[in-house]
Amino acid sequence: MAVSVETSLCHSVMELTKVAQQKGCDPLLWAIQLSSNLSSAGVSLPSVEVANSLVSYICWDNNVPILWKFLEKALVLKIVPPLFVLALLSTRVIPRRTSQPVAYRLYMELVKRHVFNLKHQINGPNSEMVMKSIDDILHLSSYFGLTASEPGIVVVEFIFSVAWQLLDAALDDEGLLNHTLEQNSRWAVTTQEMEIDGHGSYDEKWTEHNEILKTANTVTAIEIVGELLHNKVTARILFLVRRHLPTHWENFRRRIQLLGENSSALRNSKTLSPEALMQLVSDTRIVLSRECKTSSLHKFHAVMAFGSMSSSAGLCYGASRSALWLPLDLVLEDAMDGYQVEATSAVERITGLIKTLQAINVTTWHDTFLGLWIAALRLIQRERDPIEGPVPHLDTRLSILLCITTLVVADLIEEEESAPLDETECDSTNHWKEKKEISRKRRIDLISSLQMLGDYQSLLAPPQSVVPVANQAAAKAMFFISGIGGGNQYFECLSVKDMPINCSGNMRHLIVEACIARQLLDTSAYFWPGYINGHVSQLPQGVPSQVPGWSSFLKGATLTPLMINVLVSSPASRYTCKNVFAWSSVTSFSFLKPAHGFDGSLAEIEKVLEIAIDGSEDERISAATILCGASLIRGWNIQEHTAHFIIRLLSPPVPADYSGTDSHLIGYAQMLNVLIIGIASVDCVQIFSLLGLVPQLACSLMPICEVFGSCVPNLSWTLKSGEEFSAHAVFSNAFILLLKLWRFNHPPLEHGVGDVPTVGSQLTPEYLLAVRNSHLISSGNSFKDQNKRRLSSVASSSSPQPVFVDSFPKLKAWYRQHQACIASTLSGLVHGTPVHQIFDGLLNMMFRKINRGSQSLTSATGSSSSSGPGIEDNSLRPKLPAWDILEAVPFVVDAALTACAHGTLSPRELATGLKDLADFLPASLAGIVGYFSAEVTRGIWKPAFMNGTDWPSPAATLSNVEEQIKEILAATGVDVPSLAAGGNSPAILPLPLAAFVSLTITYKIDKASERFLNLAGPALESLAAGCPWPCMPIVASLWTQKAKRWTDFLVFSASRTVFLHNSDAVVQLLKSCFTATLGLNATPMSNNGGVGTLLGHGFGSHFCGGMSPVAPGILYLRVFRSMRDIVFTTEEIVAILMQSVREIACSGPSREKMGKLKTTKTNGVRYGQVSLAAAMTQVKLAASLGASLVWLTGGLVLVQSLFKETLPSWFISKHRSEHEEGSSEGMVAMLGGYALAYFAVLCGAFAWGVDSSSAASKRRPKVLGTHMEFLASALDGKISLGCDGATWRAYVSGFVSLMVGCTPKWVLEVNVDVLKRMSVGLKHWDEVELALALLGVGTVGAAAELIVEIEM
């Protein structure tokens, strides 16, 4: 039935048209009659059927002028849809444009009349049918890959197709189409008829006219393409093509370039030049924001641009260009927290942060790399005068600068250079070279950043211990440019005093060497101006030709004691760049491979590894000692390889000929013990953490613990030195190192507060193995991320199979018991069981003298050593596996503490007994720590009076500690509670804490005790910090009597607990951070603000003859992990941020000048804008600080809470008026909104990243979607807001602008309906540009419809 109706309709249209044609009827009368007939027949107009009939009738049997006039009138009266008619004509006219040049010209005239007038075509009657018909005719959706679900999508595809068809037709006309890569067109543009088609004669005059018209048609086609690219509406539509169809756009752009370079017709155009045409498709052309007509978007971009900290305005109020990288400084300094071990690589974290800051700050890679180097150098400078104590020191900081940062840069460069070049898109050699140059942009910017780094001399001065290494690096460069060869062995015996002229190196020389070692630079860097001080003409005299060192070792020298000492004290492969002295000229970068390898030979440490695997027992021990020496600590160019080799050795393979029933690990006991002790220092553990190797290290330690913890202590080994150690020693060393890798001792409160767990609480054995297994599983995949490939390589080399806690039943059983001990009081000790028998044996061993009725042992503060035999009667020592002993330890400690509480056991006897237990099995410290940590939280024990009689007294140093704490906190304005309640009242500690501190002060401060104190120390501090004030100062006072050289560290640790007991002190500390950073209320501490004031220059008594105030940023970084209520912290940061905005806006010149922003266009505008720029610079800095603190404090979970709860609650609540006196037209409110927008986007970007490369980005769509729904609902009027309207408007426009400009991938994850609702709200604010930009990123169809609707 439908077919017959359509046939009848077409027949009636044709009959009417034929009659009108024969009579020569007026086209307008014909069109009116046709419209009347169709309306009477109930045909909905415009009609695609009528259009199809008319076009089919004209092409080509009735190709006469009057019918084209009929068609034109049908278009004018909207009888037929214009775009559909153009689609029909394009498939018929363009292929026959040679024989039908007049028809082609008429087609192009119709294009010019109707394709630029889209407003009434996209949403008119039958628009959906029309668009579907266009898609069916041209097959747009199948070619471009966009589903034709919205009219706007078809319009975008159609406009692009028109431009492309005309472009290809012009190329074909000029014989250029076969010069494209495809050598043809996707569209039907190639002429399909012979020249004589359509004409029966060879009229010379007609032929000449025809040729002239064809030439003119080619020019007209090109000009229409240019107009499509230039017209505001169609140019914006084509910009959507560039954004959403990049491959097709690139193909189109190359054809435009081909035309521009070779077209004679284009050169004959009077309205369009080749240069103008190519500029219209250039990447630098801005389309969507070319004309910012909406006020707040213009103002936002203006203040953001003026507020750039790289501009001169950004220098106001102490905010230098380096302040852009404030979050990076905070993250690097936070990595120096020795109590925090990370399961993820610092390379991964810093790389993600660098990408975020580069995107949000809109900086070049030159500035980004320079900011990274400067931040890392500032980290080094803060350790110039370190305090003594069990914390990471200079070695860890140097590792961050010369290993981690270099790996970050290498990964960023490799990411760019390894991106596949689509050679199908490179239709010429020149274009391929252009693409290659673009892919090397980051490397070029790295070079320029390192060259500029030489201007920062104050940051480049090396610490004293690094001076010799820096001087050697400078000497290497000097000898190279002088053309003098030497060799690695020469530099091993060269000192600066041997140089004929002054050759002093700095940190830049070390950075350059690290970059050369990783193939980021070549030796042309040695020729940079100012890199070295001069030349030498000959080798210094008197330098020995051969000394023990890596070169002689590689040549076959034996591992003598002297050689071993040299290899332990000097890192491998420092100067192993192959043939570096053989190069006679400056090389180019053409030889460089992608920055993922290491051009310095690893032969040296590989030989050490080979010896450790295949050598004799003594050789294996020597090799292990060498690997744990300077090559690990200061072998920055090979640090990750050295750590990898150590992990491989901790998991040695089963020998092929091994047939024993016991584990093969027992045969490697001596080497394993050397390795474990060698990497147990704080700096070593931190280096493994920075490299992301903690999960793999834990996985390697677990089988060692399982095996040696199951051995009886009779199994022992004797070293060449005569020292003997047992299976208990190997187990204890491995177990204590394993425990450092997660926060095993923290009480239940630290495992989560409400819905927000504290940072680091996820570090459990199960979690570490899960992370390690994820690396292993990923090893089979092809990774673009070089860091993931490194970690996968480490995981697969040690064990090719996933590992689970169930694989270690003894460890799992202990861990479950440990968790139960923390969660509830002890129970389950049954008389007569094996555990009870061990319990009795341990008590008898610990308190044997009491059992014999003799006097107690010497003072608990005596000199017994952790490594010495505190028990004289070996017969009392249980000959049991360590796991069995550990099972009984909590019960033993509970019984001993109970006896002390009831007076059966004196405090001194308790401490001595616990020390004997720890000496017998050092691993028992884990049980002691776990028990005391749990019991302190229960609050059931009576207090211990630290009076110097029963318990040690802190009185001798307590008042001094109090004064020093006040000095440390002086810059924060925090009141320090008095340590003495009044009079001479004795200090009081909870009994478990008193027992624990009495135990710890029995240890000597020596290397033998270091690894045990590194476990007990943080546990003691955590335990004391959780107790009421002033427990921690009392503990610090006791320890300062024990270790005077640790006084600064201990007092600083005590000062941190002030903030854990007083939320008001935390708020004051946060305020101090903002004040110091922004330079508000200038004080000697705040000075002019910035990073230096926030983080200071370290801390300690070495400054002014006594303890100096500690920078507030340092204090906060060392406090926040112990804070329990972190949600409260976020709310306070938002409040302080808004208060800071008010202070910025109402202080200094900005208060007087900000009102001039909207004055007449005189110099006053510029002056007012500079003031606004200075204020915005400060606002951005405050927001950056706030976002950094939120992210560091709570990570992903806290950022999620910010978007879902904190920000919506803030906007809904009422606040004090932002219209402060002196700030005209709500400037404070506006700046506050922009501050919140910048703050929110930064928080999200820190947590989720700006792209989708991180695992955390998978959580982004849900959280961001919830926040965008809130914004849309508020714009819809569904949510009532309490905040100032100007603040709300500035927040929404700022947030959306930052998303569109800096994080466009976020927009793609938001529901399209939400984006449309937001665009409607923005339009109501006259923010049309912003609405369009939002839709342009998120949805093609809606963006096109908006472009057409507003016809901008």
| task | Using a 4.5 Å cut-off on heavy atoms from C-beta on, say whether the side chain of Trp1029 contacts that of Val1058. | result | yes
| Any side-chain heavy-atom pair of Ile736 and Lys740 under 4.5 Å | yes
| task | Dump the intermediate steps for side chain to side chain donor-acceptor pair (under 3.5 Å) on Ser689 and Glu342, then the final yes or no. | result | CA-CA 6 Å; Ser689 175; Glu342 297 286 352; over 6 Å; no
| note | Output for pair (Ile704 CD1, Leu675 CG), nearest 0.5 Å, gives 8.0 Å
| field | Interatomic distance, Phe725 atom CZ to Leu715 atom CG [nearest 0.5 angstrom] | value | 9.5 Å
| request: Just jot down the side chain to side chain contact (heavy atoms under 4.5 Å, CB included) partners of Arg816, sequence neighbours excluded, or say none. | output: Glu766, Lys812, Gln819
| query | Can you list the steps and then say if Thr1193 with Thr1129 is a side chain to side chain donor-acceptor pair (under 3.5 Å)? | reply | CA-CA 8 Å; Thr1193 302; Thr1129 306; 5.9 Å; no
| Does one side chain, of Asn947 or Ser953, offer a donor that lies under 3.5 Å from an acceptor on the other? | no
| Is the gap between the ring centers of Tyr767 and Trp742 under 6.0 Å? | no
| request: Run the salt-bridge test on Arg1121 and Asp334 with the 4.0 Å N-O cut-off and return the result as yes or no. | output: yes
| said: Using only atom types and a distance under 3.5 Å, with no angle test, would you say the side chain of Ser1022 pairs donor to acceptor with the backbone of Pro1018? | reply: no
| message | Using only atom types and a distance under 3.5 Å, with no angle test, would you say the side chain of Gln817 pairs donor to acceptor with the backbone of Glu887? | response | yes
| request: Tell me, please, whether Phe920 has Lys915 positioned over its six-membered ring: NZ or CZ under 6.0 Å from the ring centre and within 45 degrees of its axis? | output: no
| task | Assign the ring pair His831 / His836 to parallel, tilted or perpendicular, where the plane angle (0 to 90°) is split at 30° and 60°. | result | perpendicular
